[in-house]
Amino acid sequence: MFHIFCPYCQEYREEEEFHPSGQAHLVRPADPASVSDDEWGDYLFFRDNPRGIHHEMWVHRLGCRKFFNITRDTTSYEILETYRMGEQPSITAANAEVRREQGVQTADGGWQTVGAQPENSRLNEETPS
Amino acid sequence: MQRYSGFSLVKHALSHHENWERHWRNPTPKKRYDVIIVGGGGHGLATAYYLAKEFGVTNVAVIEKGWLGGGNTARNTTIVRSNYLWDEAAQLYNHSLDLWKGLSQDLNYNVMFSQRGVLNLAHTLQDMRDVQRRVNANRLNGIDSEVVTPEQIKEIEPALDTSKNARYPIMGASWQKSAGVARHDAVAWGFARGADALGVDLLQNTEVTGFKIRDGQIYGVHTNRGDIEAHTVGCVAAGNSGVLAKMAGIKLPLESHPLQALVSEPLKPILNTVTMSNHVHGYVSQSDKGDLVIGAGIDGYLGYGQRGSFPTIEHTLQAIVEMFPMFSRVRMNRQWGGIVDTCPDACPILSKTQVKGLYFNCGWGTGGFKATPGSGHVFAASLAKGEMHPIAAPFSIDRFNTGALIDEHGAAGVAH
């Protein structure tokens, strides 16, 4: 059972209130009429599906009903951060190990940062988002 | 291979059953094979078996990172049926059903295939229209589907709540009499034993760590037990297909989700058939051992953890109790999860790739078990000939760019 921090409500709520909505940061082609079949198919159907760090969109369905993003490990299921739409993740597959070693702030015992701007300023310098 | 028969049973009884042969060898990898199959689950083993038996390709290795049949083959809920809507899918699953019928004899191994029928319930007018449309399509494809009324359902499955007082009253169902269940482990073991007897090397605890590709042609794989060469490689790795594809630089339209199932404590025989409901979203059958075998939906998020979430278990059991109120006090014995590789159109991918000699058989999602023999057979034919088998051809990966999808969300319905 996930305990998810909604970046809009600023509260931890149970998984049952949320609904996963697939990979985050997909960019719809600006002019759909002009893209090739290959590009359009890639946009519609092809996903990263990583074993490890994954950025995904969730909706707080039974709460504020807003969409937001979660960075999560798909093997351990650990939620590493939640952040609002339009923001970029501060934890990525490339920097996840570095951050883990640096000991990012823990929210109630878990290894979870809240929001895209962690309070630890040193981290902001070393891993620009 | 030692053949199993009533006579061999009696013969071995005389020596207290201590001298049975092992099912398969545990060979050391050769330097070169004609064909490498990556993934030693049901589909991979079936592919190896049919390659050796029907297409004369015996210099084959099956590479499995764990043990044979330890992934989704051991985790599914064993339902076999072929009542799919579209022609392409109906042909594929019906080809498989035809092979199921003679499989125990063919393998000389009892896969306990039991044609006890499958009910797909309809609870709304739209459900009924969908059922009628699918049954009509099935009959045109020669599949023994029919529409049954609540009274007939009551006769087929008396334990089911067909009363008008149910929260979601049953308005009818589709009924495929030739569908049923089979023993999942036995399927993997039977294919493994058959393939091994025909000379296939089954390499367990061997993990593929990379592909050897030169000028767009595959010529081998890197494994944790050294490099192995082959100019034809078939990947049949279910939930881990995406990980393999990434090693080869290929994108797949798959998402890996946890799908879980549960079994109850053993009960006396109570269910005659397999009952599935898309609308209430659950399905149940009873194993020969007496356990209720229960499943429902996937967890909506990506996961490679081979376990599912508690909310999904709760929803699953709500559905079962809605259909069978008398099961409300049955205790559940075990619960587990598998990683299913779901495709956007709920149909598998059997395809060549842009790397010459590298083939993928994946995307079976939540319902691959029923297709084990058929998938293995058509994939073996494709690997042997270098051209996709006519039944497999529509399932090319190109369909996601050309738009020729085979949308089976209706027939796949509840994840199973």
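In what follows, every chain begins at residue 1, and chains take the letters A, B, ... in the order their sequences are listed.
- When all heavy atoms are compared, the tightest approach of A/P20 to B/G300 is CG-C, 3.4 Å.
- The environment of B/K356 atom NZ is sparse: at most 12 non-hydrogen atoms of other residues, nucleotides or ligands sit within 6.0 angstrom.
- Shown here for B/F310 and A/M1, the closest heavy-atom pair between the two residues is CD1-N, 4.4 Å.
- Using a 4.5 Å heavy-atom threshold, the side chains of A/E14 and B/P311 count as separate.
- Of residues 35-43 of chain A, those residues with a non-hydrogen atom less than 4.5 Å from any non-hydrogen atom of chain B are, in numerical order, A/D37, A/D38, A/G41, A/D42.
- When heavy atoms are compared at a cutoff of 4.5 Å, B/S309 approaches chain A solely by way of its side chain, counted from C-beta outward.
- Both the backbone and the side chain of B/L254 come within contact range of chain A, with heavy atoms under 4.5 Å apart.
- For the atom pair OH (B/Y304) and OH (A/Y77), the distance works out to 10.5 Å, reported to the nearest 0.5 Å.
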Do A/H19 and B/Y301 pass the side-chain contact (heavy atoms from CB on, under 4.5 Å) test, and can you show the C-alpha distance, the side-chain angles, and the key distance before you say yes or no? CA-CA 9 Å; A/H19 191 76; B/Y301 47 80; over 6 Å; no
Side-chain donor-acceptor pairs under 3.5 Å in residues 237-245 of chain B, sequence neighbours left out?
| from | atom 1 | to | atom 2 | distance (Å) |
| --- | --- | --- | --- | --- |
| B/N240 | OD1 | A/R51 | NH1 | 2.4 |
| B/S241 | OG | B/A238 | N | 3.3 |
| B/S241 | OG | B/A238 | O | 2.8 |

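- Side-chain atoms of A/R72 come within 3.5 Å of backbone atoms of B/L302 as a donor-acceptor pair (strictly under, hydrogens ignored).
- A/N49 contributes atom CG, which lies 7.5 Å from atom NE2 of B/H257 (distance to the nearest 0.5 angstrom).
- In this structure, chain A has a heavy atom under 4.5 Å from the side chain of B/H315, while its backbone stays farther away.
- Residues A/F45 and B/L405 are in side-chain contact: their nearest non-hydrogen atoms beyond the backbone lie under 4.5 Å apart.
- Using a 4.5 Å cut-off between heavy atoms, B/R307 contacts chain A through both its backbone and its side chain.
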